[in-house]
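Every number for a ligand or one of its atoms is a count from 1 in the order of the listing. Note: hydrogens, waters and symmetry copies are ignored here, and every other heavy atom, side chains too, is used.
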Amino acid sequence: MSQYAGNCRFLWNKALAINLHHLENKQPLLWYQELDWFSKLWKKSDEYEFLKLSPAQTLQQTLKQLERAFKDAFDKKQPLKKIPTFKKRGERDSFSFPQGFKLDGRRIFLPKIGWVNFRKSREIDGTAKNVTISRQGKYWFVSIQVEVELPEPIHPSISMVGVDMGVKRLITLSNGDFKEPILISFFKDKIKRLQKKLAKKMKFSANWKKLKEKINRLHTKISNIRHDTLHKLSTTLSKSHAMIVLENLQIKNMTKAAKGDMDNHGSMVKQKSGLNRVILDQGWGMFKTFLEYKQLWSGGQVLFVDPKYTSQTCPVCNHRSKDNRKTQSKFDCVLCGHKEHADVVGAKNILERGHRLLACGETDISLLSEAGTRQLSDELEPALV
Ligand SMILES: [Zn+2]
């Protein structure tokens with residue numbers, strides 16, 4: 001399986017390099033048919049004959065995925081997609097079978113590999129269309145893509161909720177509920193310590209490999225915790241509310257401000273970048289994506305509203321002032337004296353804006369300029385492990 005994943009990675013990188021070179025020289029891109037022709041040529045060469053070891057369809061599937069990635073990157077309707085990147089050894093190792101596999105209870109037949117037992121984490125409904133084998137740390141995973149006919153969903157609830165995403169609290173709802181941030185600093189510190197140790201070891205020695213493996217396992221753990229938390233949270237929210245209102249955040253701007261500029265170095269900048277790192281760590285982009293598709297499935301909706309001054313406006317008398325926000329967590333209206341947790345105030349204002357959006361039909365989606373979202377995804381990627 002390592003060999004198959006490695007061959008797919010090799011082919012992806014090789015085909016990608018050609019296309020990037022074409023892009024640079026303003027030549028047309030090579031699509032699947034041409035790339036497949038090249039791939040067959042490489043297979044016959046002495047230099048790349050290791051490609052022959054792979055099941056042909058896994059290589060073809062890689063080229064199809066690359067073609068899709070390029071098409072998506074240039075698709076204006078998909079502003080979050082970007083130009084594909086090179087794959088590194090041990091990162092995103094995977095290969096797919098579009099056909100030739102068979103399912104039988106808790107075992108699966110894979111072409112050229114044979115029957116393999118797997119731990120079934122959930123029932124497989126619908127028709128299996130595609131099987132992807134991927135590696136995370138030292139474990140191999142199988143994901144089965146299925147096709148299911150779904151009736152037009154109607155959300156069971158009619159309620160609407162505003163969600164404030166923050167640093168001290170991961171999310172706060174307009175009804176006052178909140179969720180503590182995901183604590184991963186413990187693992188991060190451990191990784192840092194191990195990395196220092198790793199630097200002192202001789203590269204590729206037995207001890208180095210052992211340490212490297214340990215670090216990879218921790219990375220996987222962080223990624224799992226984050227994934228799990230955000231999934232649970234978005235499922236609960238999506239099940240409970242037909243309308244979920246979120247702030248239309250431009251994370252790029254926030255991180256840019258935190259990096260500081262020529263005449264703005266200092267402790268404040270340092271503090272802020274720490275804060276922003278935490279924000280990114282929480283995986284906002286991932287959360288947003290989960291909510292959007294879960295709402296789509298359940299017949300609900302996600303609304304995006306302008307985030308300006310949500311934390312400074314009084315939900316009772318509407319008075320807006322910086323002074324209303326006493327500290328990170330305390331809101332105390334200077335006009336009417338209304339006191340509340342600042343994040344709850346934020347969530348209430350977000351909900352209010354959602355109501356207005358529905359009533360007036362004004363659309364805030366335009367705020368998410370194409371450039372803006374592209375940047376957002378650039379910023380989020382490394383934080384999502
Ligand atoms: Zn007030």
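- Contact annotation: H319 places no N, O or S atom under 2.8 Å from the Zn ion (ligand 1).
- Within the 4.5 Å cutoff, side-chain heavy atoms of L351 are placed close to those of H355.
- At least one donor-acceptor pair under 3.5 Å links the side chain of E67 to the backbone N or O of Y32.
- The SG atom of C314 and the SG atom of C317 meet at the Zn ion (ligand 1) at an angle of about 110°, given to 10°.
- Residue contact annotation: H338 places no N/O/S atom under 2.8 Å from the Zn ion (ligand 1).
- Checking side-chain atoms of Q295 against main-chain N and O of E292 turns up no donor-acceptor pair under 3.5 Å.
- Classified by interplanar angle (parallel below 30°, tilted 30° to 60°, perpendicular above 60°), the ring pair Y293/F290 is perpendicular.
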